Amino acid sequence: MLHFADTHTCIIKSLLEGATRWCKNYHKQVVYATRSCYPSPGGPHRATLVGHIGNILDIVANEEGTLAVSASEDGTARLWDLMDGEPILTFTGHSGPVHCVAMSSDSAYLVSGSADDSLRVWDVDSGEELRVIKEDHSSYSNHSVLCISHDCSKIISASNAIINVYELSSGVEIHHLTGHSSPVSSIFISKDDTILVSGSDDKSVKVWSVATGNLLADKKEFDGEVSKVVMTNDGHILAGDKVGGLRIFSTSKIEESEIEVSIKHVMQTPDNARVYSLCASNDSRWMVVATDMNVLVYSVADCSLQHTLTGHEGIIDCVAVTYSDKYIVSGARDSIMNVWDLATGQLVESLEGQQVEVSNFALTGDIVISTSIVSQYIKLWSTEEKYISHFNLFFRDQSGVIAVTRDKKFVLHYSANPPEIVVWCCEARKPVQSQYKHTCNVNTIITCSNNITALSGDVEGVFLIWNINTTDAISRHEFEDCIRHIAIRKDDKFAAVALKNKISLWDMETHSVVKTWTPLQNENETIERVLLTSDNQVICGLNTGVVLVLGDDETNIKTLSQCKSSVTSLVLSPSEDVLAVGSLDTCVPVWDWRAETLIQIIDDTFKMVSMAFTEDGHYLVTGSSDKLIRVWQMSDGSFYMSHYIYSDLVTMVIQDNEIIGGTRYGQPIVLAIHEKPTEVLEVTPGFSSADGFVDSQRSDDLAPIDTTPSNKSEEEAKTNAIIEKETELDKNTSKESLTETEAQEEVSKPPKKKKRNSQVCCVL
C-alpha cells in the first residue's frame, strides 16, 4: 500500500502535468524530464504510474512482461516500461477519447481505437503513426473491442453491431462482418487465427471464418445480453450473459468446408448472478467466472461448480488465471484485487491500495497492471508469484537462434541486423560481449559442456568455434553449403556439422574434418537435425520426416520412418539407447534405434520444437508451438503434466535436475526438477519467469468447497431442449440455404503458415 505522502505526491504530480499539457497544444506530445513512476515503500505494490490527464479506459501488456500500453480519455495512448515503470512514448493524434488498444504479439505494433471514428496503427519502437483507418460506421462506444491476430497480419475491431477485419500492413479492409443486431460486447480470436468468436447484446454468439469472413455458426441460446466470450486452447467456446447464463460450445470439423459448433453445457450461476467477465485456464480444464461479488470456478468437462470464491464486497469486473494455472486474480469495485489458489480455492493475498474501483487489469508474468475508468493512474503489483523470480532478456530481433550455457551464466542470442551473436550475462541481465565474425544469417548455436566454448554455423557455410568469454575465434572453417545444424558429442571431442545434403564429422582437437557422409538420394530431401552418439554414430532427421542412422560407411544406413513432415528435434536418452523424434506432426515416435524398433508414439496436438530426457530417462520433456512445456512418462508414454511459458522453447537441455532452455523471444528459462518419494514430479522455478508445472490430469487436486446443491437435472433438460431446437433449425436452414453452404467451401482451406502458431489450436 502506498504511504500517505507518496499518494499525495502522485496526485500533485498528475495535476501539474495536466496543467502543463493544457498550456501546450492539447494534442501535441509533451516530454517530461521528471520521473512518472513512484516506487512503493514495500509489499506487493511495486509502483504507481502517472501521466495521463484523463481517466484510463483500457490497458494491455505484452506476453514477455516488459511493456504495457494504456488508453485514456485524454485522447492519447502511452507506452510504459514495466521493468522500471518509466514512460517510453506518448501516442498522440486522436481527436477524441481512446477507448481501446491492442499490441501485436511481437511487440512491434500498437493499434488504438477512438471515439473520433478511427483506428491508428503505430510503430512501438519509434512512436511513428504508420496509418489511419477511418471507420465508416458510428463512433466508438464503451462496447468497442479490438484485437490483433497472433500472426500480426490482421486487425479486428468491433463497434456497435459491426465487426471489421483489416490488413495490418496496409490498413485495407478485408472483411465487413454484419449479422449482429445490437452492439458487440466481446470478441476472441483462436490461437491459430482461423476462427473469430463474437458475443453481442442481441443475445447471440457468432462464429466467423477469419480467412473468408463467412459466418460459420450463429448461436442464440441465451436469455440475456452476452457479456463475454472466450475460447479454450482445446477449442471450446465459453460464454456468459447478463442474467447469469453460462454456455459451453464444442467445435468440430465435419467436412472440408464446414465447422460444426454444438452446445455442450447449459448452466446458470447461483441466484442468476450477472456474469461480468470470464476466462479459461491455459490447460482448458477450468472456466473462471466473475459475478456480482463472487468468483465461480467450473469444470469445462462436466460443468460442475468446483469453487465459490467469496471475499469481495463489490461487483467483480475482471478476472484472469496466471500462465501457470496456479492462481486466479480478480479485481472488483471494492478497490481490491484478490489472488486465489486455483487448486484449493483459498485466498492467497489481497492487493489493496488502488483507492478506486478496479475496472481493468493486465496480467503478465509476476506483474499485475491495474487501473480504473475513474482514475488517471496505473499501479504495478507483484502477485504471490514471488512464486516467480522474474527474469527476462527481451530481444527485438526474435530470430529464435539462442543457446544457454549449462551453468546458466550466459545466454547467446543471434541478431540479424547487424549480424551478431550477443552474449548476455544472466546475473547482470545485460550484454557483455558481441561476436561479429559471421557476416550473414546464423542458423545454429550450441555450447559445450565446459561452458566456455561455443559453436555456430551460418547460411554461407562458415563454421566457427569460439570462446564465449572473449568471443575470440578458436577455429574457423568454410563449408561449401549452408550449415543447417550442429551437434556435439557428450565429451566435446567431436562435432557433427549438417549441411543441406551432407554431414561432416569434426575433430575438436585437430580442428579438421575426419569423415563425411552424403546419405541423401533425392534432391528434394534436406537434412534438418543431427545427433552424434558417444561411438560417433550419426543420426539425422530430414525434411520428409525420415530419420537416418549412419554407420561407418554409406552402405550401412538404417531408416526410421514414422513422421510424415519435417523433423524439428532429435533427442537421445541418457543411455543413448532410446531416440525421440519431434516433427511438425502432432506425435513423437520413440525408437529403440539400434534395433530399429518403434517402442511407442507419444500423442500431442502441436508441433514439437525442442525435447530433452530427464537424467534418469524416466521422463521426456517437450516444448511445443503452443508455448507449453509438457512432461511425459516413458514407461507408457502417458501425459504427466504441463507448464505454460511466454513463447515456444527453441532449445532445451536437462542437467543437474534442471531444465535449461531459451525461447524464441530471447528469454532464458531454468526450471528445477525434484523427485518426491510419492513419485510425483514437482517442478519449481529457477531464474525464469515461470511458476512450475501444473498437473493437468489430477482433477482431484481441486476439492470443491461450494456446498450449494446443483439443479443438474433442470440444466440437462434445458440443454436437451436447446439441442432439439437447434437441430430443427439446422434442418430448416439446410433446406433453404444451399448457396450459403457452397459459399463456405473455402473455409476449410488451410491458412498460410503463421509465424508463431502454425498448428490448429481448437478442434475443427
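The structure presented is a predicted model; accordingly, all values stated were derived computationally and were not measured.
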**OP:** Search all heavy atoms of N233 against all heavy atoms of N282 and return the closest pair with its distance.
**Re:** ND2-O, 2.8 Å
Subject >> Separation of H236 NE2 from T251 OG1 (nearest 0.5 Å) >> reply: 7.5 Å
Subject >> Verdict with supporting geometry, H180 and S198, side chain to side chain contact (heavy atoms under 4.5 Å, CB included) >> reply: CA-CA 9 Å; H180 285 294; S198 59; 2.8 Å; yes
**OP:** Could you go through the side chain to side chain contact (heavy atoms under 4.5 Å, CB included) check for S186 and V226 one step at a time?
**Re:** CA-CA 8 Å; S186 179; V226 177; 5.9 Å; no
Subject >> ring pair (Phe, Tyr, Trp, His ring centres under 6.0 Å) partners of W122, counting only residues at least two apart >> reply: F91
**OP:** Indicate the atoms forming the closest heavy-atom contact of H150 with S105, along with that distance.
**Re:** O-OG, 2.8 Å
Subject >> Shortest non-hydrogen contact between P97 and S114, atoms and distance >> reply: O-OG, 2.9 Å
Original post:
How would you list, by chain and number, every residue that makes a side chain to side chain donor-acceptor pair (under 3.5 Å) with S170, sequence neighbours excluded?
Top reply: E167
Subject >> Check against side chain to side chain contact (heavy atoms under 4.5 Å, CB included), Y166 and L119 >> reply: CA-CA 10 Å; Y166 301 95; L119 297 173; 3.7 Å; yes
Original post:
Roughly how far, to the nearest 0.5 Å, is CD1 of I156 from CH2 of W208?
Top reply: 12.0 Å
Subject >> Minimum-distance pair of heavy atoms, taken over all atoms of I187 and A158 >> reply: CG2-CB, 4.2 Å
Subject >> Rounded distance (nearest 0.5 Å) linking atom OG of S72 with atom NE2 of H94 >> reply: 11.5 Å
**OP:** Going by the side chain to side chain contact (heavy atoms under 4.5 Å, CB included) test, name the single residue among L79, V60, L57, V111 that passes it with V101.
**Re:** V60
Subject >> Side-chain touch I195/M231, heavy atoms, less than 4.5 angstrom >> reply: yes
Subject >> N62 side chain vs L67 backbone, donor-acceptor pair below 3.5 Å >> reply: yes
Original post:
Do the non-hydrogen side-chain atoms of E225 and S185 ever get within less than 4.5 Å of each other?
Top reply: no
Subject >> Check against side chain to side chain contact (heavy atoms under 4.5 Å, CB included), N441 and Y414 >> reply: CA-CA 8 Å; N441 288 344; Y414 168 66; 3.0 Å; yes
